[in-house]
Amino acid sequence: MSSNWADEVDGDELPQTFTDANGITTHIEFRINEDGKKVKITRRTQKKLIHDVVNKAVAARKKWPKFGKERGKPPGPDPATTNVGDNIKLKLSSTGQIVQEVDDKHESMKQQLQNKKILCRICKGDHFTTKCPYKDSLGVEDAAASSAAAAEEAAPEAEPSSGSKYIAPHMRAGASKVGDRDSMREKRDEQPTLRVTNLSEDVTEGDVSELFNRFGHISRVFLARDRETNACKGFAFVSFTMREDAQRALEAIDGRGYDNLILRVEWAKSSA
DNA sequence: GATGAGCGA
């Protein structure tokens, strides 16, 4: 051989690889063929992974306009309501082992969201709405009004929310210090509420709402528990926002078997 | 068989 590989390959003849905007990867390298001549080898590849095909559908879905309470909001997850976790791809390594790989694109979105604050829609506290301590005690209709009150309570030192003229009920002139709890109870009793009896003692609030939420929005679930043992005392109250939903739930669940017991569902009477 | 907890600073 007259030529040495190392002699032939100088600076600009090193193999190179680049990927264009269309995802086409071009690989160029120089080799010495059997005749001792240097040849340029160009390979173009376009990888189409199953995961890209699937993500196309996902990407399209992300552009759907938002509806309901989120109508008109920009696309993508809202940090006030959504937690973004890791997007881990599983890959097979050369040795056949499964390797976890965190998706970088996804990671950057996650980091952007981390810089934003979680904001409760009920009380504006820094927890998710579903975790709000006021969630069960406040009706959905007056959540907006109560939010400011709750925010005042939770963080009196916090900077005043910009432009808000709202004055919390207990801060208003002539507001009484007592009776708040009673008004809460009245609120509770106004809601269409079902009493569910004959529940087994290991039933949880989650079980109850799972059983009833297919009939409509549930504003409150109260499960009577033993104060010491924490076990279910066998009955619960389920409040709906819509009376019709409660009615349908009553008819559907009353007499239904659950945990080998037959449930009884009726309209709750006010305890006072 | 049963109609919700707490009643305090």
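Since we're looking at a predicted model, the values are computed, not measured. All chains are named by letter (A, B, ...) in the order of the sequence lines, taking the proteins before the strands, and each is independently numbered beginning at 1.
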Please give, in whole Å, the distance from B:dG4 P to A:Ile218 CD1?
20 Å
Looking at DNA chain B, which of residues 229-236 of chain A put a heavy atom within less than 4.0 Å of it?
A:Lys233, A:Gly234, A:Phe235
Which residues satisfy the side-chain hydrogen bond (donor to acceptor under 3.5 Å, both in side chains) test with A:Thr193, sequence neighbours excluded?
A:Ser239
Nearest-Å distance for atom pair CD1/P, residues A:Ile262 and B:dG1:
13 Å
Tell me the salt bridge (Lys or Arg N to Asp or Glu O under 4.0 Å) pairs involving residues 235-247 of chain A, sequence neighbours left out?
A:Asp245-A:Arg248
For A:Met242, the rest of its hydrophobic cluster, which grows through side-chain links under 4.5 angstrom:
none
Would you kindly give the CD-to-P distance between A:Glu205 and B:dA5, to the nearest whole Å?
12 Å
Applying salt bridge (Lys or Arg N to Asp or Glu O under 4.0 Å) as the test, list every pair that has at least one member in residues 204-215 of chain A; sequence neighbours left out.
A:Glu205-A:Arg225
How close or far is atom P of B:dA5 from atom CZ of A:Arg220, stated in whole angstroms?
10 Å
Can a side chain N or O of A:Arg264 be found less than 4.0 Å away from OP1 or OP2 on B:dA2?
no
Tell me: CH2 of A:Trp267 to C1' of B:dG4, nearest whole Å?
17 Å
Find which nucleotide of DNA chain B each of A:Leu199 and A:Arg227 is nearest to by heavy atoms, and output the residue with the more 5' nucleotide.
A:Leu199
Length of the line joining A:Arg188:CZ and B:dT3:P, which is rounded to integer Å
13 Å
Please table the atom pairs, donor to acceptor, closer than 3.5 Å between any side-chain atom in residues 253-266 of chain A and protein atoms at least two apart or in another chain.
residue  : atom : partner  : partner atom : Å
A:Asp254 : OD1  : A:Val265 : N            : 3.0
A:Asp259 : OD2  : A:Ser200 : OG           : 2.9
A:Glu266 : OE2  : A:Arg195 : NH2          : 2.8

Using whole Å, what does the distance between atom C1' of nucleotide B:dG4 and atom NZ of A:Lys269 come to?
15 Å
With a sphere of 6.0 Å drawn around CD of A:Glu201, does it hold more than 12 non-hydrogen atoms of other residues, nucleotides or ligands?
no
Could you tell me how the ring of A:Phe237 sits relative to the ring of A:Phe222: parallel (under 30°), tilted (30 to 60°) or perpendicular (over 60°)?
tilted
Categorize A:Arg225 for me: base, sugar-phosphate, or nothing, with a 4.0 angstrom heavy-atom threshold over every strand shown.
nothing
Can you tell me whether the side chain of A:Arg185 and the base of B:dG6 have a donor-acceptor pair closer than 3.5 Å?
yes
Measure CZ/A:Phe237 against C1'/B:dA2 and give the value in whole Å, please.
9 Å
When you check the glycosidic angle of B:dG6, does it come out syn, meaning within 90° of 0, or anti?
anti
